[in-house]
Structures are given as C-alpha cells and as structure tokens.
**Q** 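Below is a structure I'd like to ask you about.
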There are 2 protein chains.
Amino acid sequence: MEVASTWQAMRKKLSDEPTLRADARKNRELILSAAEELFLERGADVPLEEVAKRAGVGIGTLYRRFPTREALLAATSNERFLSLAEASRARDPDLAPGDAVRAYLEELARDASTYQSLAASIGTVIQCGTPGCDAITAEGHRLLRRGQEAGTIRRDVTYADFIYVITAISIAIENDSSSKTRIGHLVDLFLNGISVKGSD
Amino acid sequence: MEVASTWQAMRKKLSDEPTLRADARKNRELILSAAEELFLERGADVPLEEVAKRAGVGIGTLYRRFPTREALLAATSNERFLSLAEASRARDPDLAPGDAVRAYLEELARDASTYQSLAASIGTVIQCGTPGCDAITAEGHRLLRRGQEAGTIRRDVTYADFIYVITAISIAIENDSSSKTRIGHLVDLFLNGISVKGSD
DNA sequence: ATAGGATATGGAGGTAGCCTCCACTTGGCA
DNA sequence: TGCCAAGTGGAGGCTACCTCCATATCCTAT
C-alpha cells in the first residue's frame, strides 16, 4: 500500500480506463481484428483459441483483455453500435416517433444477425458498457420516452421489451434464414400486434 | 438382405415405431424420469452424463434412445404438451378467437419456462415430431386459422410468428425472473402491439 | 428347453473448448 | 541504465460431448 505517485498511476486512478502499455495496445488491436474476421466467417461461437491464434497472441492475453466472450463481441461491435445510434439521432427530426422506433428496432435486429449465433446473447452483449453499447441503449430509451410523450407508444412498454423483440427477431433469422427478408414484418408485428386493429 | 419373417420385424416394418425390448423400454422410462427431475432441478442444459448416471444406465444407452438433447426434452415434455393441446381444445367453444390465441400463447410461454435454459431451443424442441409436439402444433395452426377466418387476426401472421413470440417471452423470463409475473403483459404486447391503438 | 440371432448395453477413450495460473519477458519511468 | 509494474504465452486441469464395439441380454422358433 503506497501513495500513487507515477503519472501512469495517476492517469489510471482518474480515468479508470488504464493507459495500456504500447505492446498491449497493439495486441488488443490484433485481437479485435482477428475476432471480427472470425466472427464474420464462423459465427459468434467460434473458439476463442482460434481468435488468439489468428491474432498471434497467447490465449491468456486474450482473456486478460476480454474476460468474457460477450466483452469481445461488444468490443468488435463498438463502432457499429456508435454508427447506429448516430444514424438514429440524425434522422430523428424527419420521422414520426413511431417510425423512428420502427427504424431503430429494424436496424438493431439486422445488426444482431451480423454474426451467426449471436442472437441468444445479444441482450447480454448490449449491456457490456462499452461506449457503443451505452450509446445504443441511451438512444433506445430516448426514442421510447419520445414515443410515449407523443402518445403513440403505450405507457406500459419498457426498454426491456425492445430487447426481447430484438432477441426474438434475431433468433428467428438464425433458425430460418428466409425470415431475414421479413425483419420488417416481425418489427411491424411487434409495433402493431397480431390482432387486427380495432377488433377485440 | 432377407425377407422379414418374425413378428417383430413385421410389426416394425408396419408401424415404424419399433417395439422395444422389455429391458430397453424400462431403461427408456428410467432415463425419462431422471431427465425430468434433472431438467427441473438444474435446467435444460444439465450434462447428459448426469442424466444417465441418475437413471442408472450408461451414456451410450441414453444416446441410442435419444440422439439429441432436443429429442430428450421433447420426450419429457410430451405429456405436458398433450395436456395443453387438450385443454385448449376443451375451452375453445367458450372463448372468442382472440382470447383463445391469447390463452394458448400464455400457456405455452409459461410451459417453455418449466426448465431453465430451455427458451432458446423451444422452437427446435417443439418440432421434434413426438405426439405432444404434433398436437400442440396442430392446435396452434387451428387457432390461427380460426382467428383469421373470424377476421380478428391479421392475415399476414404465420404459425412461425407464434413460435417467435413464445421464444421471445421465455427468453425474457429467463433473463429476468421478475418478468415471470408479466407473461400476460408480454403476450398482450404481441397481440396488440406497442403502438397505441388508433394512432399511426 | 434351448440355440441362435437380433437387440441392447456400458463406459473407456478420443475430441473439443473453457479458463487459470505463474514463470518469464518487456516497456517505460526515475 | 536499472528496476519493476505491466504484460505474455501456453501448459495443464476441467468439463462435456459423442462414438464405438466387445459383451450381455432378451425373444422366438423349433
């Protein structure tokens, strides 16, 4: 137990995102590229040892940097999530609240099928706390609130419901690739329901 | 290649559900009870070797009888599925088509959370072709058709959509047990949509 | 009653992936 | 330039899957 005295230690203490040593930072990038490639080629459940091998690092290094598969998935998805959130914010003024939600769900569901076998864990991945995850989550909450304030979205809907729907849709796509062309239909079902409007 | 000549062979040829030898039939039952217990205690992803051990049979015997985990899950769910289908048929005359669908989805979603970790594969399990699976599937198709003929269910809804809904709901329950009390809410969302009726 | 063949059994063993641990190496600051 | 915190790699222990086949058991025809 000593007083933190070096610059390193101070930076770490303040930002709580520790500055990685140069070699470590390079390895982190190598792992990310390898992971991205392999997730695309072979799905989200590719053995992590394969990722380490392609990155040219030891398996221990991979685990040190990304303690869980979800963390690695979230990291490789970081930029995509940031773009999605940004795109949603950008088009927002042009859309009615309901349509904004529709677009958000559709894009996120499509994104969740970027890697095969990602579906079941997308809910966990999206809560990993990376900047991308936080951005996409915040944007979803914003759209939901906006829709409810505008009176076009039911008051009893929660953001968790959004996640369930995205999960369901990407599982559907995974089990039956023909439904990839029906993402819109599935989102529409969730928005408008199975029942004919006005019946009941 | 010889002419089938024994009774066994003839029965097998005709019914295509081969008569099991007495010892094999007993073992099958032992496996089913053990599986049911363990699925309840430890979830649908309990190691199959545990099941074999509790049943007091070798792992090879288990695999010979149930080639996949899904087959075993479907077999242990057989009677529950038969009851669900029967109950749905029984109450049908008393309910409006929409309410019959609601009850069906709610019960099936609840059933899909009988075993922890079953959610993601419920869609596969339900297509295993056991009598229970067939019954529940036929009943679903019937309710869907009836609702569409009555004009209370959208024409573009398919039975696959029912499965997605059930999957989504049971995943929700799995990730967040508090939503167990909200099965009704989730079913309602899918029936009526997240949009406020009449808006749009 | 029994012989013979079809049916069924069990569990050893090969495969695969997960994750930890720690002796060793390296980068960067004083 | 020496030191040590930070970083590394991969062997090894663990768990689970599933196949294979020598052996055991049942059932039937005679």
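Here the structure is a predicted model, which means the values were calculated and not measured. Residue numbers start from 1 in every chain, and the chains themselves are labelled A, B, ... in the order their sequence lines are given, proteins ahead of strands. Atoms considered below: every heavy atom in the structure, side chains included; atoms not considered: hydrogens, waters and symmetry mates.
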**Q** Decide whether A:Phe190 and B:Val101 are clustered together by the hydrophobic rule: side chain heavy atoms of Ile, Leu, Val, Met, Phe, Trp, Tyr closer than 4.5 Å, transitively.
**A** yes
**Q** Please determine if A:Lys26 and A:Glu29 form a salt bridge, counting it only when a charged side-chain N lies under 4.0 Å from a carboxylate O.
**A** no
**Q** To the nearest Å, how far apart are A:Arg21 CZ and C:dT26 C1'?
**A** 5 Å
**Q** Could you list the residues that satisfy salt bridge (charged side-chain N to carboxylate O under 4.0 Å, His left out) with B:Arg64, not counting sequence neighbours?
**A** none
**Q** Quick one, A:Asp111 with A:Thr114, criterion side-chain contact (heavy atoms from CB on, under 4.5 Å). Give me CA distance, side-chain angles, the key distance, then yes/no.
**A** CA-CA 5 Å; A:Asp111 190 274; A:Thr114 302; 3.9 Å; yes
**Q** Grab the CD-C1' distance between B:Glu49 and C:dT15 for me, whole Å please.
**A** 13 Å
**Q** Thinking salt bridges, do A:Arg182 and B:Asp156 make one under a 4.0 Å N-O criterion?
**A** no
**Q** Counting only heavy atoms and a strict 4.0 angstrom limit, can you tell me which residues of residues 58-72 of chain A come near DNA chain D?
**A** A:Gly58, A:Ile59, A:Gly60, A:Thr61, A:Arg64, A:Arg65
**Q** Using heavy atoms and a sub-4.0 Å distance, could you list which residues of residues 24-32 of chain A are near DNA chain D? By number, please.
**A** A:Ala24, A:Asn27
**Q** Using the ring of each side chain (for Trp, its six-membered ring), is B:Phe162 parallel, tilted or perpendicular to B:Tyr104, with breaks at 30° and 60°?
**A** tilted
**Q** Report yes or no: is the cationic atom of B:Arg80 (NZ for Lys, CZ for Arg) closer than 6.0 Å to the six-membered ring centre of B:Tyr115, at no more than 45° off its axis?
**A** yes
**Q** Which parts of residues 115-129 of chain B get close to DNA chain C, meaning a heavy atom less than 4.0 angstrom away?
**A** none
**Q** Using whole Å, report how far CD of A:Glu50 lies from P of C:dA16.
**A** 10 Å
**Q** Scan side-chain atoms only and decide if A:Glu36 and A:Thr76 contain a donor-acceptor pair under the 3.5 Å cut-off.
**A** no
**Q** Looking only at side chains, do B:Tyr164 and A:Asn175 share a donor and an acceptor under 3.5 Å apart?
**A** no
**Q** Tell me whether B:Glu79 at atom CD has more than 12 heavy atoms from other residues, nucleotides or ligands lying less than 6.0 Å away.
**A** no
**Q** For the pair A:Arg110 and A:Glu107, find out whether any cationic side-chain nitrogen is under 4.0 Å from an anionic carboxylate oxygen.
**A** no
**Q** Under 4.0 Å, heavy atom to any atom of DNA chain D: which of residues 38-48 of chain B qualify?
**A** B:Pro47, B:Leu48
**Q** Quick test of your reading of the model: are A:Glu149 and A:Arg146 salt-bridged, counting only N-O distances below 4.0 Å?
**A** no
**Q** Show me the donor-acceptor pairs, under 3.5 Å and distance only, between side chains in residues 118-129 of chain B and residues at least two apart or in other chains.
**A**
from: B:Ser121; atom 1: OG; to: B:Leu118; atom 2: O; distance (Å): 3.2
from: B:Gln127; atom 1: NE2; to: B:Gly123; atom 2: O; distance (Å): 3.3

